[in-house]
Number of protein chains: 2
Amino acid sequence: MKTRIGLIDDHQLFLKSLSLMIESFREYEVVVEALNGKDLQEKLQTGTSIPEIMLIDVNMPVMDGVATARWLTEQHPGIKLVALSMNDEDKTIISMIRAGCCAYLLKDTHPTELEKALEEINSKGFYNGDASNVNYRRLIISQDKDQQFKVTGRELQFLELVCSDRTYKQIALEMGIAERTVDGYREAMFEKFKVASRVGLCLEAIRKNLVRL
Amino acid sequence: MKTRIGLIDDHQLFLKSLSLMIESFREYEVVVEALNGKDLQEKLQTGTSIPEIMLIDVNMPVMDGVATARWLTEQHPGIKLVALSMNDEDKTIISMIRAGCCAYLLKDTHPTELEKALEEINSKGFYNGDASNVNYRRLIISQDKDQQFKVTGRELQFLELVCSDRTYKQIALEMGIAERTVDGYREAMFEKFKVASRVGLCLEAIRKNLVRL
DNA sequence: CCCTACCCCGGGAAAATTCCCGGTATCCGA
DNA sequence: TCGGATACCGGGAATTTTCCCGGGGTAGGG
């Protein structure tokens, strides 16, 4: 009896060719392919056989990896979830793990490594590849750090205005507050982000995805 | 005689599984696989057979798609180049076409479409999928606009330093020029990018991918 | 009730940024 | 040999940013 695998990735080429590759492994067969979380929900309803392991891409339109993993953890707790991503940011890994994934694979993993991972997940129930070699302590620390970067609604609004061709005077006007108050926000943000200039703040805000470009 | 295909993509999983898929097409065989342009150069030197069609990922570390395509156009003009990307920005497409690609495929293309594309490239020498339906007029116009944003080496260096927590004094020191000269660069850039502050300049530089975050 | 978190504000001064005026030198291709 | 592009520099001044000092208020939980 082959182990049933499900795949979710928004890139058709990757989805189909990965499917081919997994079929070539002999121990595994692909029973569901979906382009995103929404697509998967529909396909599962039509009575396809439920996979034992689900490989989930993190970056997807419509319903992304985190949301999909969370939904699967809720609705199909029996399925073992594996995050699949090209991005090895701690933040992404942590949120997929928290969403219920028992492994995190990078897209530049070697195929034999993938097979090994699938085996381990099948037997042990989890897999720690080099992507997860990042020790959990560091993950948790960086998670803690991230929490310190939580900003209030007003601060976020300020950050967005900071990331533009505007003077603080204009920002004050736009926020409906005094210039001095804007100073206060700047100082608070400089402190939180450990920067010393508006440009530095601006760059950090973008890096942390608090502001979209 | 099968048509020889070469693949370049930095994601091992995708590379290997796409290779599998193309092998399954029966009319094609994969003769070279590389993780980036540099890797390809090395592999071509070791006397592997030269492919007739090369599929090139656009986003890669070390030596990216554009650079690789340019190099191949120079060194191996016989090879037909196909850009492969998940990103359908006009700018990316145009630069790959200009670098010598005769087709542009998106990674969410369906496998059958890929096969069709390969066939067309083989017979006609080019392929226009829906990604290229974007009319060329618009592409050329946006390209013209982009050309106004070409920057000299020194200006690029300046832009990178601008996008950091540094004062102009420090930038002058780092570039080995007088502070006044830095003023000149700033003024030139403000003019080119139509911005009025360092933050605005910084954001534009990032948006135009002149500076990496 | 106090403590904490968030939000708001005034005034003054040093430092950095922005914008003017002017100038020189080199290299390259028409 | 002439323009044009590139790189370089000085001095002065207005504006903005940055950093201090200080002071309010409200809302919510222990």
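Since this is a predicted model, take the numbers as computed values, not measurements.
Separating the CD atom of B/Gln157 from the C1' atom of D/dA7 is a distance of 12 Å, rounded to the nearest angstrom. Whole-Å rounding puts the A/Asp183 CG to C/dG12 P distance at 15 Å. Per the geometry, CZ belonging to A/Arg166 stands 19 Å off C1' belonging to C/dT18, to the nearest Å. Atom P of nucleotide D/dA7 and atom CZ of B/Phe158 are separated by 12 Å, given to the nearest angstrom. Taking atom CG of residue B/Leu201 and atom P of nucleotide D/dT16, one finds them 18 Å apart after rounding to whole Å. Rounded to whole Å, the distance from CG on A/Leu173 to C1' on C/dC9 is 16 Å. The distance from atom OH of A/Tyr185 to atom P of C/dA5 is 15 Å, rounded to the nearest whole Å. Between the C1' atom of D/dG11 and the CD atom of B/Glu187 lies a distance of 13 Å, rounded to the nearest Å.
Remark: of the listed residues A/Gln157, A/Lys169, A/Arg166, A/Arg166 is the sole one forming a side chain to side chain donor-acceptor pair (under 3.5 Å) with A/Glu174. With B/Asp57 as reference, B/Asp10 is the one residue of B/Asp10, B/Asn36, B/Ile8, B/Leu18 to meet the side-chain contact (heavy atoms from CB on, under 4.5 Å) rule.
Closest to the side chain of A/Arg186, out of C/dC20, D/dC9, D/dC19, is D/dC19. Picking from D/dC19, D/dC9, C/dC19 the nucleotide with the shortest atom distance to the side chain of A/Ala196 gives D/dC19. For B/Thr181, taking side-chain heavy atoms from C-beta onward, the closest of the listed nucleotides D/dC8, D/dT17, C/dT18 is D/dC8. Side-chain atoms of A/Thr167 lie closest to D/dT16 of the nucleotides D/dT16, C/dC6, D/dC19.
Using a 30° and 60° split on the angle between ring planes, B/Phe14 and A/Phe14 fall in the tilted class, from 30° to 60°.
Under the 6.0 Å distance and 45° angle rule, B/Arg186 does not count as a cation-pi partner of B/Phe158.
Using a 4.0 Å heavy-atom distance criterion, B/Arg180 is classed as a base contact. Using a 4.0 Å heavy-atom cutoff across all strands shown, B/Glu179 reaches no nucleic acid atom at all. Among the heavy atoms of the strands lying under 4.0 Å from A/Thr152 are primed sugar atoms or P, OP1, OP2 only; no base atom is included.
Comparing A/Lys169 and A/Phe190 against DNA chain D, the residue whose closest nucleotide sits nearer the 5' end is A/Lys169.
A salt bridge does not link A/Glu119 to A/Lys116: none of the charged nitrogens lies less than 4.0 Å from a carboxylate oxygen.
Between D/dT17 and A/Arg198, a contact under 4.0 Å exists linking OP1 or OP2 to a side-chain N or O. A close approach under 4.0 Å does not occur between any side-chain nitrogen or oxygen of A/Tyr168 and OP1 or OP2 of D/dT15.
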